[in-house]
S.K.: 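Sharing a structure here in structure tokens format.
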Number of protein chains: 2
Amino acid sequence: MEKTATRSKKQAYHHGDLRSALIATGLKLLETKAGGAIGLREVARETGVSATAVYRHFPDKDALMAALVDAGFEKLADAQEAAAAQHRKRDASFRAIGQAYVHFALAHPALFRLMTSYMHLSGRCAEGEVVGDDRAGRLLKDNIAALLPPDASDRDREVATIQSLALVHGLAQLVLAGRVPNEAALIDAVVDKFGNWDVKS
Amino acid sequence: MEKTATRSKKQAYHHGDLRSALIATGLKLLETKAGGAIGLREVARETGVSATAVYRHFPDKDALMAALVDAGFEKLADAQEAAAAQHRKRDASFRAIGQAYVHFALAHPALFRLMTSYMHLSGRCAEGEVVGDDRAGRLLKDNIAALLPPDASDRDREVATIQSLALVHGLAQLVLAGRVPNEAALIDAVVDKFGNWDVKS
DNA sequence: TCGCTCAGTTAACACTGTCAACATACCGAT
DNA sequence: ATCGGTATGTTGACAGTGTTAACTGAGCGA
């Protein structure tokens with residue numbers, strides 16, 4: 001009888017994990033429907049499942065969105081790591097991380113907007129930490145630690161981290177909102193400041 | 001009969017301008033209901049008017065929200081001008097403008113979240129311009145022009161403008177999202193970099 | 001085999017944004 | 001002063017949303 005074998009692709013989400021399937025279709029919808037928000041019923045429908053089935057895996061819509069946010073940050077970390085790997089020098093690879101942040105936002109606008117809208121429901125930074133410790137956050141902090149002079153204080157590190165993140169995050173959002181023109185040269189010039197900290201102030 | 005005199009406060013929104021009233025209650029609701037979004041029906045109801053009356057003054061919900069965004073940026077400009085006026089030195093007053101941006105976001109979280117969510121519907125920067133030319137945008141650009149060395153290029157000015165705006169905007173949003181701890185000293189330290197441009201780079 | 005729990009279903013509720021049709025207060029021209 | 005037109009409201013309905021309650025059925029251990 002092959003209890004859970006063939007999977008048959010349709011039907012029998014029973015024992016296939018619907019949770020991952022929902023997240024997958026959610027991400028797909030965010031790529032397709034370039035503009036605007038996404039709905040719980042919509043992703044359920046597109047997954048071929050009844051709307052209320054979602055509630056077996058997520059307590060409410062916000063939880064589903066938070067899961068999508070997490071998935072988005074994973075993809076962002078992927079892009080950043082790939083970008084960093086293409087440079088040998090540490091500072092060049094660090095700037096590539098910043099470029100990757102903005103590029104990711106512009107390449108996946110709907111996903112990024114959702115990420116910023118629901119950020120507060122996911123990955124709040126832990127007590128004493130200065131930014132979330134997801135993969136993207138750790139990548140940023142590790143690189144800064146390696147780039148700052150060895151006599152830099154912890155506070156210097158924290159400030160540099162926040163500064164860098166705020167710069168690229170704000171820039172990405174402003175460009176996406178149309179308040180800053182989407183010109184590659186301009187964006188590059190701004191992001192190039194990414195990593196120019198005056199530690200001595 | 002006094003056609004439009006007493007106004008009687010209730011009834012007879014006829015001839016009082018509902019448009020401003022809607023924006024006013026919208027802003028009030030955003031102050032009160034600290035968390036979460038706002039609805040067209042909700043603001044109509046709270047104004048004491050039927051939901052569809054809104055459509056006499058705004059083509060759809062997005063337009064109403066865009067108007068609230070504009071009103072929000074006006075209030076932000078007020079706060080920034082007031083903050084700047086409390087310092088004599090130009091660079092100190094410029095930093096005060098940056099502080100005011102973050103402070104405003106933290107003081108009016110719901111309004112600021114709405115402003116970032118619907119930013120793309122309002123105040124898109126004009127062709128050739130580098131950030132919206134609302135009052136807040138002009139304040140920023142004017143101050144930067146006055147602070148940069150006179151031999152700075154236009155491109156230097158643009159980059160410095162975007163850099164400053166992206167830094168405070170990103171910081172505000174990250175703190176509001178809980179990804180950066182809400183500690184005044186930390187925020188001040190980050191914003192103090194506001195205005196440290198290496199023009200020569 | 002019985003019964004339990006997991007994973008899904010349908011039906012309903014309250015709510016939302018939006019549209020069409022209807023009502024009314026104002027205002028200028030007659 | 002009256003009359004028609006237009007701006008400004010209203011009610012009623014429709015589709016779609018997030019969410020809950022009650023039901024169904026598969027799979028599995030005792």
S.K.: Look at A/Thr52 and D/dT19 and indicate whether a side-chain polar atom (N or O) is within less than 4.0 Å of OP1 or OP2.
M.R.: no

S.K.: So which pairs with a foot in residues 88-97 of chain A pass side-chain hydrogen bond (donor to acceptor under 3.5 Å, both in side chains), sequence neighbours left out?
M.R.: A/Arg95-A/Asn196

S.K.: Quick one: ring pair (Phe, Tyr, Trp, His ring centres under 6.0 Å) partners of A/Phe94, sequence neighbours excluded?
M.R.: A/Phe194, A/Trp197

S.K.: Take atom CZ of B/Arg45 and atom P of C/dA14, then tell me their distance rounded to the nearest Å.
M.R.: 14 Å

S.K.: Restricting to salt bridge (charged side-chain N to carboxylate O under 4.0 Å, His left out), what partner residues turn up for A/Lys28, sequence neighbours left out?
M.R.: none

S.K.: Can you tell me which residue pairs pass the side-chain hydrogen bond (donor to acceptor under 3.5 Å, both in side chains) test with a partner in residues 61-76 of chain A, sequence neighbours excluded?
M.R.: A/Asp70-A/Ser122, A/Glu74-A/Arg135

S.K.: Among B/Leu18, B/Asp60, B/Leu40, which one satisfies side chain to side chain contact (heavy atoms under 4.5 Å, CB included) with B/Val54?
M.R.: B/Leu40

S.K.: Backbone N or O of B/Ala53 within a donor-acceptor pair of the B/Ser50 side chain at under 3.5 Å?
M.R.: no

S.K.: Scan residues 56-71 of chain B against DNA chain D and write down, sorted by residue number, each residue with any heavy atom closer than 4.0 Å; if none is found, say none.
M.R.: B/Arg56, B/His57

S.K.: Under 4.0 Å between a side-chain N or O of A/Tyr55 and OP1 or OP2 of D/dT19?
M.R.: yes

S.K.: Taking only heavy atoms on the protein side, list every residue of residues 36-43 of chain A lying under 4.0 Å from any atom of DNA chain D, sorted numerically.
M.R.: A/Gly39, A/Leu40, A/Arg41

S.K.: Check whether any side-chain N or O of A/Arg179 sits under 3.5 Å from a backbone N or O of A/Val175 as a donor-acceptor pair, and report yes or no.
M.R.: no

S.K.: So if I apply the side chain to side chain donor-acceptor pair (under 3.5 Å) rule between A/His108 and each of A/His103, A/Glu31, A/Arg113, which one comes out positive?
M.R.: A/Glu31

